[in-house]
Amino acid sequence: MMYIALIGDIIESKKIQDRAQVQQHLLQLMKELNQQYQNYLVSPFTVTTGDEFQALFSPNSYIFQIIDQLSVAFAPYEIRFGIGVGDMITEINKEQSIGSDGPAYWLAREAINHIHDKNDYGINHISVFLANEEVSWTVNAMLAACSFIQSKWTEVQYDVLKQLLAENIYDETFSHKEMARSLGITPSAFNKRIKASGLKIYLRNKRVAMNQILKEIAKEESRYV
């Protein structure tokens with residue numbers, strides 16, 4: 001069976017003044033994610049070292065939404081993410097993401113090491129590695145484009161993504177009027193904000209990237225049948 005492994009690492013964590021408080025905040029966020037996405041978590045979000053954590057998922061379409069949820073809630077501190085797609089060779093610990101091993105985690109480790117060294121001048125904090133290098137390259141190119149779009153957002157433009165996530169929306173199709181109302185602005189102002197931000201392109205690329213990953217997983221799993 002194929003799995004999606006996620007490894008996260010707090011960027012420049014040693015420069016954080018109140019590390020204990022920040023780590024407690026991260027633990028609380030992971031607890032909330034473990035609850036919200038329990039149907040997809042094979043092994044829950046777990047801190048593995050002081051500033052690093054990991055989780056193991058069954059194939060699902062929420063990975064990038066989960067990453068954005070965590071990133072938004074953890075701001076102003078930043079996290080780099082490595083995603084690996086593959087199988088597991090040891091028994092999976094369903095209580096915590098420690099002690100299990102396999103290609104999914106190996107590829108996630110390669111992905112996070114890659115984005116640590118090649119982060120597009122500090123803009124990009126996410127990388128995906130699959131066994132298929134061509135698919136990995138395509139997905140990572142789309143994610144890099146998303147990171148570039150996101151790096152240009154103003155605070156008010158970023159608020160739109162925050163509100164979408166708060167309403168469990170992670171797709172380019174949504175009601176402009178309802179979102180404008182939620183943000184307390186006019187539909188005209190909201191439309192201008194959306195147009196300037198490129199948010200819909202961002203969400204579209206994230207969806208296409210996720211579909212590419214799931215398509216590759218389906219292809220790999222068909223070989224086991």
Side-chain angles (χ1 to χ4, degrees), residues 6-37 44-55 62-83 97 108 111-128 140 142-170 174 179-180 182-185 189-190 192-203 205-206 209:
L6 175 65
I7 297 177
D9 177 37
I10 301 174
I11 296 173
E12 296 186 337
S13 59
K14 293 181 180 179
K15 294 183 180 180
I16 298 174
Q17 293 185 351
D18 195 347
R19 291 181 67 186
Q21 184 176 347
V22 170
Q23 287 173 342
Q24 282 301 312
H25 179 46
L26 178 61
L27 286 171
Q28 180 58 36
L29 293 175
M30 290 192 299
K31 182 179 179 180
E32 293 170 5
L33 290 172
N34 285 337
Q35 178 64 31
Q36 183 178 352
Y37 295 99
F45 278 94
T46 306
V47 173
T48 52
T49 62
D51 304 310
E52 189 173 285
F53 58 88
Q54 61 188 37
Y62 295 98
I63 298 299
F64 297 132
Q65 179 175 340
I66 292 169
I67 287 174
D68 270 351
Q69 271 186 255
L70 185 52
S71 298
V72 164
F74 197 60
Y77 308 108
E78 295 181 311
I79 303 172
R80 67 175 60 88
F81 297 92
I83 299 170
S97 294
I112 202 167
N113 288 340
H114 172 81
I115 204 62
H116 186 281
D117 296 329
K118 299 180 180 180
N119 57 18
D120 294 318
Y121 305 101
I123 291 174
N124 194 4
H125 299 322
I126 180 172
S127 179
V128 178
N140 284 317
M142 286 186 283
L143 295 178
C146 289
S147 293
F148 180 78
I149 291 171
Q150 189 177 40
S151 72
K152 303 299 180 181
W153 289 347
T154 63
E155 186 174 343
V156 294
Q157 289 169 343
Y158 209 95
D159 284 343
V160 180
L161 176 63
K162 292 179 182 178
Q163 188 60 39
L164 286 171
L165 290 169
E167 298 186 20
N168 197 30
I169 299 171
Y170 200 72
F174 53 84
M179 286 303 301
S182 297
L183 291 166
I185 59 177
F190 180 79
K192 289 180 181 178
R193 193 176 295 186
I194 282 291
K195 183 178 180 180
S197 69
L199 176 61
K200 291 202 169 189
I201 300 172
Y202 173 94
L203 292 171
N205 277 1
K206 286 292 181 76

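Every value quoted in this text rests on a predicted model; they were computed, and no experiment measured them.
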Query raised in the report: Atom CD1 in I115, atom NE2 in H125: separation rounded to 0.5 Å?
Result: 8.5 Å
Requested in this report: Identify, with sequence neighbours excluded, every residue that meets side-chain contact (heavy atoms from CB on, under 4.5 Å) alongside S197.
Outcome: W153, Q157, L199
With a 3.5 Å cut-off and sequence neighbours excluded, list the donor-acceptor pairs that the side chains of residues 64-76 form with protein atoms.
residue : atom : partner : partner atom : Å
Q65     : NE2  : Y37     : OH           : 3.4
Q65     : NE2  : N168    : OD1          : 2.8
D68     : OD1  : Y202    : OH           : 3.1
D68     : OD2  : Y170    : OH           : 2.6
D68     : OD2  : Y202    : OH           : 2.6
Q69     : OE1  : Y37     : OH           : 2.2
Q69     : NE2  : Q36     : OE1          : 3.2
S71     : OG   : I67     : O            : 2.9

Query raised in the report: If you round to the nearest 0.5 Å, how far is CZ of F81 from OG of S127?
Result: 13.0 Å
Requested in this report: Please list, chain by chain and in numerical order, all residues satisfying side-chain hydrogen bond (donor to acceptor under 3.5 Å, both in side chains) with K152, sequence neighbours excluded.
Outcome: none
**Report entry** Residue list, salt bridge (charged side-chain N to carboxylate O under 4.0 Å, His left out) with K162, at least two apart or on another chain
**Finding:** D159
Query raised in the report: Is there a side-chain contact between F53 and L27 (heavy atoms, below 4.5 Å)?
Result: no
Query raised in the report: Do K206 and L143 come within less than 4.5 Å of each other through their side chains, counting heavy atoms only?
Result: yes
Query - ring pair (Phe, Tyr, Trp, His ring centres under 6.0 Å) partners of F148, counting only residues at least two apart - result: none
Report summary line: Sequence neighbours excluded, the answer for side-chain contact (heavy atoms from CB on, under 4.5 Å) partners of D18 is A20, Q21
Query raised in the report: Among all residues two or more places apart in sequence or in another chain, which pass the side-chain contact (heavy atoms from CB on, under 4.5 Å) test with E32?
Result: Q28, L29
Requested in this report: To the nearest 0.5 Å, tell me how far I63 CD1 sits from I126 CD1.
Outcome: 9.5 Å
Report summary line: Contacts of D120 meeting salt bridge (charged side-chain N to carboxylate O under 4.0 Å, His left out) (sequence neighbours excluded), chain-then-number -> none
Requested in this report: For residues L183 and R193, determine if any side-chain heavy atom of one lies less than 4.5 Å from a side-chain heavy atom of the other.
Outcome: yes
**Report entry** Gap separating the CG atom of N113 from the CD1 atom of I7, nearest 0.5 angstrom
**Finding:** 8.0 Å
Query - Contacts of type ring pair (Phe, Tyr, Trp, His ring centres under 6.0 Å), residue H116, not counting sequence neighbours - result: none
Query raised in the report: Run the side chain to side chain contact (heavy atoms under 4.5 Å, CB included) check on K31 and F45 step by step: do they pass?
Result: CA-CA 8 Å; K31 182 179 179 180; F45 278 94; over 6 Å; no
Show me, pair by pair, the donor-acceptor contacts under 3.5 angstrom made by side chains of residues 9-17, not counting sequence neighbours?
residue : atom : partner : partner atom : Å
D9      : OD2  : R80     : NH1          : 2.7
S13     : OG   : D51     : OD2          : 2.7

**Report entry** Non-hydrogen side-chain atoms of I194 and F174 separated by less than 4.5 Å
**Finding:** yes
Report summary line: Between the CD atom in Q54 and the CD1 atom in I112, the distance rounded to the nearest 0.5 Å is 9.5 Å
Query raised in the report: Are there more than 12 heavy atoms of other residues, nucleotides or ligands under 6.0 Å from atom NZ of K200?
Result: yes
Report task. Would you name the heavy atoms of A55 and S97 that are closest together and state the gap between them? Result -> CA-OG, 3.5 Å
Report task. Kindly compute the distance separating CZ (F190) from CD (Q163), expressed to the nearest 0.5 Å. Result -> 9.5 Å
**Report entry** Those residues that, when tested against E52, pass salt bridge (charged side-chain N to carboxylate O under 4.0 Å, His left out) (two or more places apart)
**Finding:** R109
**Report entry** Shortest non-hydrogen contact from C146 toward N205
**Finding:** SG-CB, 3.4 Å
**Report entry** Set of residues satisfying side-chain hydrogen bond (donor to acceptor under 3.5 Å, both in side chains) with respect to S182, sequence neighbours excluded
**Finding:** E167
Query raised in the report: For the side chain of S147 and the backbone of N124, is there at least one donor-acceptor N/O pair under 3.5 Å apart?
Result: no
